[in-house]
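Quick note on labels: first sequence line is chain A, next is B, and so on, each numbered from 1. In this text the structure is predicted, and so the values were computed from the model without any measurement.
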2 protein chains.
Amino acid sequence: MKRIAESTVRRLSLYLSFLEGIDRQGLKTISSDELARLGGTTSAQVRKDLSLFGSFGKRGLGYSVPELSGKLREILGLGKQWRVCIIGAGKIGAALARYRGFAERGFNVTAVYDSDEAKIGKRWENLTVRPISELEKDATKQDFDIAVVATPAENTPAVAKQVVRAGIKAILNFAPVQLSVPSDVTVRNVNMAMELEGLSFALSNRGE
Amino acid sequence: MKRIAESTVRRLSLYLSFLEGIDRQGLKTISSDELARLGGTTSAQVRKDLSLFGSFGKRGLGYSVPELSGKLREILGLGKQWRVCIIGAGKIGAALARYRGFAERGFNVTAVYDSDEAKIGKRWENLTVRPISELEKDATKQDFDIAVVATPAENTPAVAKQVVRAGIKAILNFAPVQLSVPSDVTVRNVNMAMELEGLSFALSNRGE
DNA sequence: ATTAGTTTGTGAACTAATTCACAAGCGCCA
DNA sequence: TGGCGCTTGTGAATTAGTTCACAAACTAAT
């Protein structure tokens, strides 16, 4: 399969969320044009995105909502349950552990790690915070798919190394650091400061 | 000034965070090559990004760390204090109100709104949750720069309308909905589901 | 002063992503 | 069955973004 751009994957994800809404409204079909309007893009973009994976529509009619949802879920790998561990039991880690949206989409948080003695052993929801030194050993049994990294910037490169050694192939990184990992490990960065600064930039450079 | 791509702004923001780290280490200069390595990009990219705003380096030497930090802060509009309101007093809103990173960068949360009677009047940190119906009136006095929207998807389009009517020109949107706003309003979307699905996609399509 | 060693700034070349534009397919109706 | 209106799927054209590659500028050393 040819390489798929990250922007394409983001849009597919967006289309899926729209389709779920449309489905709840009971509508049976939708055109690329309507999807585009919802997603703030063009109908050609929608069709191009989908055409990378097959042809799911009917000319003159559009796309069947349940069928396309199913295809997108399949493409995005949402059929299965993913095992997620959270690393870093600070503010962000805590918020994420409580976040219901994870489980709803098949992302099950099955462990939390930290290096801080004071936090280790504490109970969080139905999990106990474990020492990060145990990650590699635990991983052989638990077989984590995804590590959510929410550690202080300075510790994060070391944490990333441990995650990689534990054989985890996907990282959602909340630390404001660029992780260097082998090419078979996928990293997504979430960085609030960057988003805010984007807005700040836009506000400052209005109309120039 | 010519249009600056969002990807460029993200990188500038990243460079700034690296420069701050470098500065704490006491280093005085840095080359585009080192900055590139930290940011997982190329030196040509770094230089091109900066060259959009001026020429800040010295050939043969690199960039002065404090000088470049200052320039980037200026470019990103971080010189001033921004007034931020949070709309939606749910889980995400609560986490954001507690988040220290906002104030550290000059983003001051000065009000919280919700439409739910049960939440209105509750105290949050040093703020009281106010009815969203008051947003437009309040805005004339408080002059918000940025609205952080963390409301349920179905209410969000209506909320966005109110934000626009209140004259706010920048929105950080946590709802999984594409906001339609006038072109002078800037929107940034943060969507955890999308990030997770990106990882899920990557894991599912390994080596094809 | 000259040379060697760096590193910037930037056109030009290239690569990637988006949009255009239209033939082909489908449903509906007469 | 044939024609009309609509919508997909996709090459081609366009636009945006990245990388190359090199002259110019600077430091340090001799």
Side-chain angles (χ1 to χ4, degrees), chain A residues 1-15 18-19 22 27-72 75 178 194 198 201-202 205, chain B residues 1-15 18-19 22 27-72 75 178 194 198 201:
Chain A
M1 190 191 281
K2 72 191 283 288
R3 212 192 86 77
I4 306 295
E6 182 176 312
S7 53
T8 303
V9 179
R10 299 189 101 88
R11 282 191 301 267
L12 293 177
S13 187
L14 202 56
Y15 302 155
F18 297 147
L19 287 167
I22 300 287
L27 295 175
K28 288 288 162 253
T29 66
I30 188 168
S31 67
S32 57
D33 199 54
E34 291 169 274
L35 265 181
R37 196 161 22 250
L38 291 169
T41 179
T42 66
S43 63
Q45 180 78 81
V46 172
R47 296 198 300 275
K48 193 57 92 172
D49 287 340
L50 297 175
S51 77
L52 294 168
F53 300 93
S55 73
F56 310 129
K58 274 206 173 51
R59 291 166 193 238
L61 240 194
Y63 301 87
S64 147
V65 173
E67 187 193 320
L68 187 55
S69 300
K71 289 290 184 188
L72 286 177
I75 290 166
Q178 210 59 17
M194 219 180 262
F201 175 81
N205 297 282
Chain B
M1 190 192 280
K2 71 192 284 289
R3 211 192 87 78
I4 305 296
E6 184 176 312
S7 53
T8 304
V9 180
R10 301 189 100 88
R11 282 192 302 267
L12 294 177
S13 186
L14 202 55
Y15 302 154
F18 298 147
L19 287 167
I22 300 288
L27 296 175
K28 288 287 161 256
T29 65
I30 188 168
S31 67
S32 57
D33 199 55
E34 290 170 274
L35 222 32
R37 196 158 27 249
L38 291 170
T41 179
T42 66
S43 64
Q45 179 78 81
V46 172
R47 295 198 299 276
K48 190 62 90 174
D49 288 340
L50 297 176
S51 78
L52 295 169
F53 300 94
S55 75
F56 309 129
K58 273 207 174 48
R59 291 166 193 235
L61 241 194
Y63 300 87
S64 147
V65 173
E67 187 193 319
L68 186 55
S69 301
K71 289 289 184 188
L72 285 177
I75 290 166
Q178 211 59 16
M194 219 180 261
F201 175 81

*Asks:* Atom CG of B:L50 to atom C1' of D:dG17: distance rounded to whole Å?
*Replies:* 16 Å
*Asks:* Is it the case that the side chain of A:S69 and the backbone of A:V65 share a donor-acceptor pair, with hydrogens and angles ignored and the cut-off at 3.5 Å?
*Replies:*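 Yes; judged by distance alone, with no hydrogens or angles, the pair exists.
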*Asks:* Please give, in whole Å, the distance from D:dT18 P to A:E6 CD?
*Replies:*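 Spelled out: CD on A:E6 to P on D:dT18 is 12 Å.
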*Asks:* Going by atom types only, do B:S31 and B:E34 share a side-chain donor-acceptor pair under 3.5 Å?
*Replies:* yes
*Asks:* D:dC26, OP1 or OP2 - any side-chain N/O from B:Y63 closer than 4.0 Å?
*Replies:*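 B:Y63 to D:dC26 OP1/OP2: no side-chain N or O under 4.0 Å.
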*Asks:* Which base sits across from D:dT30 as a Watson-Crick or G-U pair, both distances under 3.5 Å?
*Replies:*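 Result: C:dA1.
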*Asks:* Under 4.0 Å, heavy atom to any atom of DNA chain D: which of residues 28-41 of chain A qualify?
*Replies:* A:S31, A:S32
*Asks:* Output the rounded distance in Å from CD (B:Q45) to P (C:dT8).
*Replies:*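 My rounded result for the distance is 14 Å.
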*Asks:* Summarise protein proximity over nucleotides 21-30 of chain C in one line of letters, 5' to 3': B for base, S for sugar-phosphate only, - for none, counting protein heavy atoms closer than 4.0 Å.
*Replies:* B-BBBB----
*Asks:* Separation of B:I4 atom CD1 from D:dA16 atom C1', in whole Å?
*Replies:* 13 Å
*Asks:* Can you tell me how far C1' of C:dG11 sits from NZ of B:K48, to the nearest Å?
*Replies:*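 One finds 7 Å between C1' of C:dG11 and NZ of B:K48, rounded.
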*Asks:* Using whole Å, report how far CG of A:L52 lies from P of C:dA16.
*Replies:*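 Taking CG of A:L52 and P of C:dA16, I get 14 Å after rounding.
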*Asks:* Output every pair passing side chain to side chain donor-acceptor pair (under 3.5 Å) with a member in residues 52-63 of chain A, not counting sequence neighbours, ordered by first then second residue.
*Replies:*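 Qualifying pairs, neighbours excluded: none.
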*Asks:* Salt bridge check: are B:E67 and B:K71 linked by an N-O gap of less than 4.0 Å?
*Replies:*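 Salt bridge between B:E67 and B:K71, a charged N being under 4.0 Å from a carboxylate O: no.
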*Asks:* What's the shortest heavy-atom distance between B:S32 and B:R47, and which atoms?
*Replies:*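 Answer, listing the atom of B:S32 first, then B:R47: OG-NH1, 3.1 Å.
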*Asks:* Starting the side chain at C-beta, find the nucleotide from C:dG11, C:dT19, D:dT10 nearest to A:T42.
*Replies:* C:dT19
*Asks:* Let me know the distance between CZ of B:F53 and C1' of C:dT10, rounded to the nearest Å.
*Replies:*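 The answer, rounded to whole Å, is 16 Å.
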*Asks:* Is there a side-chain polar atom (N or O) of A:S55 under 4.0 Å from OP1 or OP2 of D:dG9?
*Replies:*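 True: A:S55 side-chain N/O within range (under 4.0 Å) of D:dG9 OP1/OP2.
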*Asks:* Send over the distance from A:R3 CZ to C:dA16 P, rounded to a whole Å.
*Replies:* 8 Å
